[in-house]
Amino acid sequence: MGLHGGGYDSRYAPGSSLLRRAAGEGFPALALTRPGHPADEESARRQPSFAEAAVIIAEAIADAWQRLGDERPGIVLLGHSIGGAIAVHIAAARTLTWPLLGLTVSGVGDVISPRAMEQFTLLPPRTAVDFPFEATRPVLFGPDWTLDDPALTGAADLPVTTRCGGSSPVCAC
């Protein structure tokens with residue numbers, strides 16, 4: 001189950017290539033559009049808090065689980081940025097009615113760069129930032145010609161090694 005970050009909707013879900021691959025292997029793979037998105041001025045004013053969004057999304061996941069869970073072992077949440085923060089709220093809930101197998105987040109940090117913070121403070125409160133989906137692809141993935149490089153063919157199939165430094169509070173290796 002993928003949860004997108006701010007300024008996007010379910011068309012840009014974390015691990016979207018992973019979701020496509022999972023679906024291709026026969027696993028139900030869904031990406032939800034978070035409450036209040038796509039963000040327009042009205043929905044920005046009604047934007048739920050992370051905790052409120054977590055309750056709404058957990059209920060939507062429960063509905064999807066009832067319809068698609070079959071004999072699957074459970075659900076893995078993938079959240080990016082704000083979607084990752086909301087996924088943490090969901091994972092921390094003690095009232096889930098569906099089995100949570102795992103949680104993975106990206107783009108969630110505990111430090112915001114001074115330049116980014118300066119830009120955030122210039123925005124009026126509760127104002128939607130319109131970043132059309134069509135404009136996100138080149139920003140996130142680069143120009144089309146970079147995706148056609150033969151060196152990138154099969155990159156998703158490369159083995160991944162995870163190393164922990166041992167001092168990270170989120171690393172339990």
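By convention here, the first residue in the shown sequence is residue 1.
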Original post:
Looking only at heavy atoms, what is the nearest atom pair of Pro35 and Pro48, with distance?
Top reply: CB-CG, 3.8 Å

Original post:
So, for Ser106 and His80, which heavy atoms are closest and what is the spacing to 0.1 Å?
Top reply: OG-ND1, 2.9 Å

**OP:** Give a yes or no on whether Val88 and Ile75 share a hydrophobic cluster (residues Ile, Leu, Val, Met, Phe, Trp, Tyr; joining criterion: side-chain heavy atoms under 4.5 Å apart).
**Re:** yes

**OP:** For Gly26 and Arg72, work out which heavy atoms get closest and say how close.
**Re:** O-NH2, 2.8 Å

Original post:
Checking side-chain contact (heavy atoms from CB on, under 4.5 Å) against Ile90, which of Leu100, Leu103, Leu3 comes through?
Top reply: Leu3

Original post:
Which value, rounded to the nearest 0.5 Å, describes the distance between Ile82 atom CD1 and Phe50 atom CZ?
Top reply: 5.0 Å

**OP:** Identify the two heavy atoms, one from Ala22 and one from Ala29, that lie closest to each other, and give their separation to 0.1 Å.
**Re:** CB-CB, 4.1 Å

Original post:
Between Arg67 and Asp63, which heavy-atom pair has the shortest distance, and what is it?
Top reply: NH2-OD2, 2.9 Å

Original post:
Which value, rounded to the nearest 0.5 Å, describes the distance between Ile86 atom CD1 and His4 atom NE2?
Top reply: 8.0 Å

Original post:
Which distance, rounded to the nearest 0.5 Å, do you find between the CG of Leu77 and the CG of Leu101?
Top reply: 9.5 Å

Original post:
How many angstroms lie between CG in Leu68 and CD1 in Ile61, if you round to the nearest 0.5 Å?
Top reply: 12.0 Å

**OP:** Using the rule that two of Ile, Leu, Val, Met, Phe, Trp, Tyr join whenever any of their side-chain heavy atoms come within less than 4.5 Å, decide whether Ile56 and Leu96 are in one cluster.
**Re:** no

**OP:** State whether the side chain of Trp98 and the backbone N or O of Ala58 hold a donor-acceptor pair below 3.5 Å, judged by distance alone.
**Re:** yes

Subject >> Main-chain N/O of Gly5 paired with Arg34 side-chain donor or acceptor, under 3.5 Å >> reply: yes

